[in-house]
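Written below as structure tokens is the structure these notes are about.
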Amino acid sequence: MKSYNYKLSSLLLILICNYTVFGQNTSDSVEQSQMEDPSYVSIAVNFMNDAVYLGRKDSISAPYLYPSITYFNKTGLYATGSFSFLTKSNESRIDLFLGTIGYEINSKKFSGDISFTKYFFNTDSYNVISEVEADLTGTLGYDFDVFNLNLSLTNFFNKNSTSDIFLSSEISHDFVSTDRKFQISPTMGVFLGSQNFYKEYYIYNRFGSERSTGSGQGAGQGTGSTADPIETTTTTVVLEESEKFDLMAVEFSIPIWYMAKPFTVSFLPVLVVPQNPATLTVDSAIYEEDLENTFYWMVGLSYRF
């Protein structure tokens, strides 16, 4: 897909993750110039200041440093492996290993990608997607000259045999330097889906009552109608929106790349506006989220050979 390197950097969860006079020229984009060689290996190191997924996050920040290695074959097949190191001083540990295999196709106007990712979270992880075991994602993109449109469909496979479906659409416009070394792509995305993964996170992480080991890091965002649920022993958690397919977030981002072969530097600032906060029933207590707009960012360096 056209924004393949950027997608791999920003996937982790979910993360992680590519003018003298500015003007649009998609066919001459930074990512496209990186695809001139038929097969390659790329290693990268990225840092993300907090783990945020569709505006959902733990009450304690989760900054990650994550190296990765990718092999891309000229046939369109690729594979990526990475791990995420939690850099918070009192929580330092490898929080996640993941592996991705996929296949992509590209033409001048059309791009497509299908991938499967397997997650291996640390048992103490308080990442909001820490109860996700795998995902299957398909993406289609088209360049309309004036703007790019990408549509993506993802299936989360969660622990305890639950699953979630997500549908996202992103619209962007590429500004590329005349030497094709610098690109900036203002992007707006709309994300819809269900929240079973979030219910599992609340049961096993946020409240922590169902977990023999783990962090149980904090009471969460918002105020409840009774005393803070984290202070009590809970046995039943119901998230009313868990099965409902609904609007989850609107995101505004400005992916930026600079390439000086064989290196690429990237920066991704994101403002996410979460939608439809959860209403939870913990035993007899009703707990309503107060989700807030969140700004987070990611910076990365990759080397290709």
Side-chain angles (χ1 to χ4, degrees), residues 1-12 14-49 66 68-70 72 74 76 78 80 82 102 104-113 115 139-152 168-190 251-272 295-305:
M1 60 189 294
K2 185 177 136 339
S3 57
Y4 167 70
N5 290 321
Y6 158 57
K7 174 195 167 192
L8 288 178
S9 298
S10 59
L11 179 60
L12 264 182
I14 28 83
L15 201 330
I16 0 253
C17 295
N18 298 286
Y19 294 74
T20 304
V21 176
F22 285 101
Q24 182 171 358
N25 190 343
T26 302
S27 63
D28 290 336
S29 68
V30 170
E31 297 98 328
Q32 191 119 6
S33 67
Q34 290 179 330
M35 297 299 293
E36 291 172 355
D37 298 333
S39 298
Y40 64 87
V41 174
S42 175
I43 58 175
V45 177
N46 299 273
F47 178 79
M48 180 170 59
N49 73 315
Y66 53 100
S68 63
I69 182 168
T70 297
F72 184 89
K74 61 183 179 181
Y78 63 88
T80 297
S82 72
E104 71 167 51
I105 56 174
N106 278 287
S107 65
K108 186 174 182 179
K109 295 289 187 179
F110 174 80
S111 62
D113 182 280
S115 65
T139 302
L140 296 175
Y142 193 81
D143 172 18
F144 288 91
D145 292 330
V146 177
F147 63 90
N148 308 308
L149 180 64
N150 284 277
L151 300 176
S152 181
S168 64
S169 62
E170 290 185 332
I171 186 170
S172 63
H173 181 91
D174 297 331
F175 298 94
V176 185
S177 63
T178 53
D179 61 7
R180 304 192 336 179
K181 291 185 176 181
F182 180 76
Q183 178 174 327
I184 180 170
S185 301
T187 302
M188 183 185 75
V190 177
E251 287 189 357
F252 303 91
S253 62
I254 308 178
I256 301 170
W257 297 269
Y258 177 77
M259 184 179 66
K261 288 183 177 180
F263 294 97
T264 300
V265 179
S266 60
F267 178 61
L268 174 65
V270 181
L271 175 65
V272 57
F295 174 80
Y296 64 99
W297 53 270
M298 190 183 330
V299 62
L301 174 67
S302 66
Y303 177 85
R304 175 179 162 182
F305 56 92

Distance-minimising heavy-atom pair for S39 and K74: OG-N, 2.9 Å
Within-4.5 Å side-chain heavy-atom neighbours: L151 and Y142: no
More than 12 heavy atoms of other groups within 6.0 Å of L140 CG: yes
Heavy-atom closest pair, residues R180 and M259: O-CE, 4.1 Å
Nearest-0.5 Å distance, OH of residue Y258 to CD of residue Q183: 14.0 Å
F295 vs F252 side-chain heavy atoms within contact, under 4.5 Å: no
Side-chain heavy-atom pair F305, I43 within 4.5 angstrom cut-off: yes
Closest non-hydrogen atom pair, G300 against N46: CA-OD1, 3.2 Å
Check: N150 side chain, E170 main-chain N or O, donor-acceptor pair, under 3.5 Å: no
Reported CG-to-CD1 distance for the pair L149 and I171, which is rounded to 0.5 angstrom: 6.5 Å
OH on Y78 to CG on D113, rounded to 0.5 Å: 3.5 Å
From K181 atom NZ to T264 atom OG1, the distance as rounded to the nearest 0.5 Å: 11.5 Å
Atom pair CE (M188) and CD1 (I254), whose distance is rounded to the nearest 0.5 Å: 13.5 Å
Aromatic ring pairing F72/Y40, orientation class (parallel under 30°, perpendicular over 60°, tilted between): parallel
Proximity of F263 and Y303 rings by center, below 6.0 Å: yes
Distance-only donor-acceptor check, side chains D174 and S185, under 3.5 Å: yes
Side-chain donor or acceptor of S177 paired with backbone N/O of F182 under 3.5 Å: yes
Value rounded to 0.5 Å, distance of CG in D145 from NZ in K109: 3.0 Å
